[in-house]
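Below is one structure; the comments refer to it alone.
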Number of protein chains: 2
Amino acid sequence: MSVKPFSSVWTRERKGTREQGLSRDQIVRAALELLDAEGLDALSMRKLGARLGAGATSLYWHVANKDELIELVMDEVYAAVVLPEAADWRETARVFAYGMRHAVFEHPWSASLIGVVPALGPNALTASDRLMGAFARAGFEGIDVDYAMTAVVSYTLGATIPEVAFLTVLEATGQSLADLQSAVEPIVMKAMADRPNLLKRYESYASEGVDPLVARRLAFEFGLTALLDGLGTRLR
Amino acid sequence: MSVKPFSSVWTRERKGTREQGLSRDQIVRAALELLDAEGLDALSMRKLGARLGAGATSLYWHVANKDELIELVMDEVYAAVVLPEAADWRETARVFAYGMRHAVFEHPWSASLIGVVPALGPNALTASDRLMGAFARAGFEGIDVDYAMTAVVSYTLGATIPEVAFLTVLEATGQSLADLQSAVEPIVMKAMADRPNLLKRYESYASEGVDPLVARRLAFEFGLTALLDGLGTRLR
DNA sequence: GGCATTACTCGCACACTGTTCGAGGTGACT
DNA sequence: AGTCACCTCGAACAGTGTGCGAGTAATGCC
């Protein structure tokens, strides 16, 4: 049970570069492409090396290991969520929430990494900083700034992760939503026999003809504004 | 790019059993032990087989593959969150939130799986059913029942996952919190040079002498009640 | 110019992983 | 006694991340 001291890409000095052959940025870019194209499982050092016309082990000069590579490429995901610098706290929170949601949708493989992999990269940090600034300006006091901001981030992650994960499963099966639903139907029905509340909801869905994908999006909005309302009352 | 139709343990008929030698429940129990003791990476079919005094490939008679095994063992995590059957919606929501949080703390490896792996097992379903019942009885109308409940689940997951993930990293390094903080300090400071809001917060933390672990727990409470408040105003 | 040093590339090898296949065994029922 | 379903498992395959050490190429220095 040997333990290694904490280490993250962001805690190590970057090696001086001679600007030739492989570079860290190039590797991260290629990894991002590979991930977007084929998903998390498809990312292997050998495949990534091949895509760059290099040997797999060459990558290890530029990146300590695969985990660090993933930290780097995750920060690229955060790069897409850009926040205004001097906006209303509610507006900033909304931009963050929808920006984050959108970013994860664009990079579905990140759903299983986000919140789990340390987010200490520059892009993650500036997003945090902007968000925190908005809450501080809003008038939250002391540590409440932290709490309020954390709440928004938590909600956003918790809503986005399962949503994207579901879509990923859906896509991996290659079935349409209707296909999947009818495939699962009998088992669901059986399981719901002694779960009256779920059953009722399920029937409502069917009768109201709600598109589950749209419903998820509305659910996101619903919860977000509820949370922001709740936070707003804590401002005085 | 071949695609396989959707399949989950819960969608397949269970094999009849002759109640001898290995059994699915036994396997799941052993997997849970192994996961709790050594973490997600330590779970391999061979190790699990060995722990049961069986060959690795014997497991494949009882379980289709590792993913299904993980679905099964995840449902055991949900087993720990038991909800009252006829309580106030706020109370039920709180029991769920803290119950879920506690369950994931007890099984830290689940942090990187929850929300990503389909939760169609009996325990997950009954928890959902109870939670949904509480929101329906509370007076939420139509699809708002779903939305309100989803919001609570989202917040809970999004708050818990990073918290547990952080503790896992901490434990894996074997360093104390103070060690880690002082190790990261210089890099953090440098990174925060042009992130004034983060820096200010960081300094407040230090001066107020807040224990970050306690703070996280208070943050969970803060966000949860804010969300419930916000949901409450939508009841009329 | 020559030479030493640094910066990088990469093949080999190791210890693993999940999973398939097919050969075997074992008990219950006819 | 024979059949059949249930169950176990060793061998093998195609992968995985990564440490090591040898090899190459460009730079800095005299």
Give every pair of a protein N or O atom and an N or O atom of nucleotides 11-16 of chain C that lie under 3.5 Å apart, one pair per line with the distance.
| from | atom 1 | to | atom 2 | distance (Å) |
| --- | --- | --- | --- | --- |
| dG11(C) | N7 | Thr57(A) | OG1 | 3.4 |
| dG11(C) | O6 | Thr57(A) | OG1 | 2.9 |

Are the side chains of Leu180(A) and Val184(A) in touch, meaning some heavy atoms are under 4.5 Å apart?
yes

Between [N] ([atom2]) and [X] ([atom1]): distance, integer Å:
X: Glu68(A); N: dT18(D); atom1: CD; atom2: C1'; value: 14 Å
X: Leu40(B); N: dT17(C); atom1: CG; atom2: P; value: 13 Å
X: Gln26(A); N: dT9(C); atom1: CD; atom2: C1'; value: 14 Å
X: Lys47(A); N: dG15(D); atom1: NZ; atom2: P; value: 9 Å
X: Leu59(B); N: dG10(D); atom1: CG; atom2: P; value: 12 Å
X: Ile27(B); N: dC7(D); atom1: CD1; atom2: C1'; value: 11 Å

Checklist line | Heavy atoms from other residues, nucleotides or ligands near CZ of Arg217(B) exceed 12 (cutoff 6.0 Å) | finding: no

Answer yes or no: does a side-chain N or O of His62(A) lie under 4.0 Å from OP1 or OP2 of dT9(C)?
-> yes

(Q) It should be established whether Trp61(B) places a side-chain nitrogen or oxygen under 4.0 Å from OP1 or OP2 of nucleotide dT8(D). (A) no

Residues passing the salt bridge (charged side-chain N to carboxylate O under 4.0 Å, His left out) test with Lys200(B), sequence neighbours excluded, are none

The single option from Leu35(A), Asp25(A), Leu32(A) that satisfies side chain to side chain contact (heavy atoms under 4.5 Å, CB included) with Glu76(A) is Leu32(A)

**Message:** Base, sugar-phosphate or nothing for Leu43(B)? Non-hydrogen atoms, less than 4.0 Å.
**Reply:** sugar-phosphate

Can you find a side-chain donor-acceptor pair between Asp36(B) and Trp109(B) that sits under 3.5 Å?
yes

Phe135(B) meets the ring-ring contact (aromatic ring centres under 6.0 Å, His included) criterion, sequence neighbours left out, with Trp89(B), Phe140(B)

